[in-house]
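First the structure, in the form of structure tokens, and then the observations on it.
If you read the sequence from its start, that first residue is 1, and numbering goes on from there.
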Amino acid sequence: MEKIGEKQINVLMVGDSLSKQGGIVTLEKHMLKHAPTNVQIHHIGTAVDGLAMQKAFGFAIALVRVLLVLLTKKVDIVHAHVAERGSAYRKSIVTLIAKFLFRKPVILHSNSPEFHEFIRGYL
């Protein structure tokens with residue numbers, strides 16, 4: 001139930017698959033479990049374990065899911081958990097879609113202590 005003055009916020013969160021292990025997944029699960037009642041989070045995992053072809057297919061499925069959510073649900077903001085290498089490339093694609101095709105604000109949440117070194121190579 002929404003309190004007076006509390007606006008419902010709908011978040012599309014993208015990050016690792018919740019079936020994986022690690023710090024990002026732990027953080028994602030914590031955020032999903034402890035979100036305030038006026039914050040609804042729809043989570044989509046963009047990274048799966050496996051061979052390169054399995055990872056690419058998993059990401060393609062995630063992109064379709066992202067598009068479907070952005071087309072069919074009310075999304076106020078996109079929250080992307082990003083690290084270096086593949087994660088940065090995947091979240092770049094999601095960010096471009098959300099920001100420029102759907103005009104949604106995007107929060108890039110770096111979960112990597114080495115991200116600044118990775119991104120420095122592109123600046």
Side-chain angles (χ1 to χ4, degrees):
M1 178 106 166
E2 192 173 309
K3 294 180 187 174
I4 295 175
E6 276 190 358
K7 180 182 182 236
Q8 179 69 33
I9 301 169
N10 299 293
V11 179
L12 171 57
M13 181 192 301
V14 292
D16 279 350
S17 168
L18 297 176
S19 63
K20 293 179 76 172
Q21 299 293 315
I24 292 174
V25 173
T26 301
L27 176 62
E28 289 173 331
K29 288 179 179 178
H30 184 77
M31 293 175 77
L32 289 165
K33 182 177 179 180
H34 298 289
T37 56
N38 66 313
V39 177
Q40 296 298 311
I41 302 174
H42 187 98
H43 179 271
I44 297 176
T46 61
V48 297
D49 288 328
L51 302 172
M53 189 62 93
Q54 292 167 308
K55 290 179 180 184
F57 184 72
F59 179 60
I61 296 295
L63 272 183
V64 169
R65 291 181 62 212
V66 165
L67 286 168
L68 287 173
V69 168
L70 289 168
L71 285 167
T72 63
K73 298 190 183 304
K74 182 175 181 342
V75 174
D76 297 308
I77 193 162
V78 176
H79 180 174
H81 292 272
V82 62
E84 66 272 354
R85 297 182 304 278
S87 174
Y89 303 126
R90 289 188 301 275
K91 300 325 178 311
S92 294
I93 294 168
V94 171
T95 297
L96 289 170
I97 290 169
K99 182 86 176 143
F100 297 108
L101 290 180
F102 291 91
R103 303 283 189 229
K104 301 296 180 186
V106 177
I107 294 173
L108 289 176
H109 183 165
S110 174
N111 293 285
S112 169
E114 307 299 324
F115 187 76
H116 66 285
E117 293 177 14
F118 169 78
I119 203 69
R120 187 176 292 136
Y122 294 94
L123 301 176

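- In plain terms, the two heavy atoms of Phe59 and Thr46 that are nearest each other are CD1-O, 3.7 Å.
- The ring pair (Phe, Tyr, Trp, His ring centres under 6.0 Å) test applied to His43 returns no partner, not counting sequence neighbours.
- The only member of His81, Lys33, His79 that meets side chain to side chain contact (heavy atoms under 4.5 Å, CB included) when paired with Glu28 is His81.
- Between Lys91 and Gly15, the shortest heavy-atom distance links the atoms CE-CA, 3.9 Å.
- Partners of Thr72 under the side-chain hydrogen bond (donor to acceptor under 3.5 Å, both in side chains) rule, at least two apart in sequence or in another chain, do not exist in this structure.
- Here the straight-line distance linking atom CD1 of Ile77 with atom CD1 of Ile9 works out to 8.5 Å at 0.5 Å rounding.
- In the hydrophobic clustering of ILVMFWY residues, with side-chain heavy atoms under 4.5 Å counting as a link, Leu101 and Val69 come out together.
- Of all the heavy atoms in Gln54 and Val48, the pair that sits closest is O-CG2, 3.7 Å.
- One finds the CG atom of Leu32 at 10.5 Å from the CD atom of Gln40 (value rounded to the nearest 0.5 Å).
- For Ala98 against Val78, the heavy-atom pair with the smallest separation is CB-CG2, 3.7 Å.
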Start with the C-alpha distance between Thr95 and Val82, add both sets of side-chain angles, then the distance that settles side chain to side chain contact (heavy atoms under 4.5 Å, CB included), and finish with yes or no. CA-CA 11 Å; Thr95 297; Val82 62; over 6 Å; no
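- Judged by distance alone, with hydrogens and angles left aside, the side-chain atoms of Asp76 form a donor-acceptor pair with the main-chain N or O of Asn10 at under 3.5 Å.
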Walk me through whether Val11 and Met31 qualify under side chain to side chain contact (heavy atoms under 4.5 Å, CB included). CA-CA 11 Å; Val11 179; Met31 293 175 77; over 6 Å; no
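- Val25 is not connected to Val14 by any chain of hydrophobic side-chain contacts under 4.5 Å among Ile, Leu, Val, Met, Phe, Trp and Tyr, and they are in different clusters.
- The shortest heavy-atom contact between His42 and Ile44 is CD2-CG1, 3.8 Å.
- Between Leu71 and Phe102, the shortest heavy-atom contact is CD2-CE2, 3.6 Å.
- Placement of Ile107 and Leu27 within a single hydrophobic cluster is found when ILVMFWY residues are connected by side-chain heavy-atom separations under 4.5 Å, directly or transitively.
- Cluster membership for Ile61 and Val94, using ILVMFWY side-chain heavy atoms within less than 4.5 angstrom, is not shared.
- Under the 4.5 Å side-chain contact rule for hydrophobic residues, Val106 and Ile97 share a cluster.
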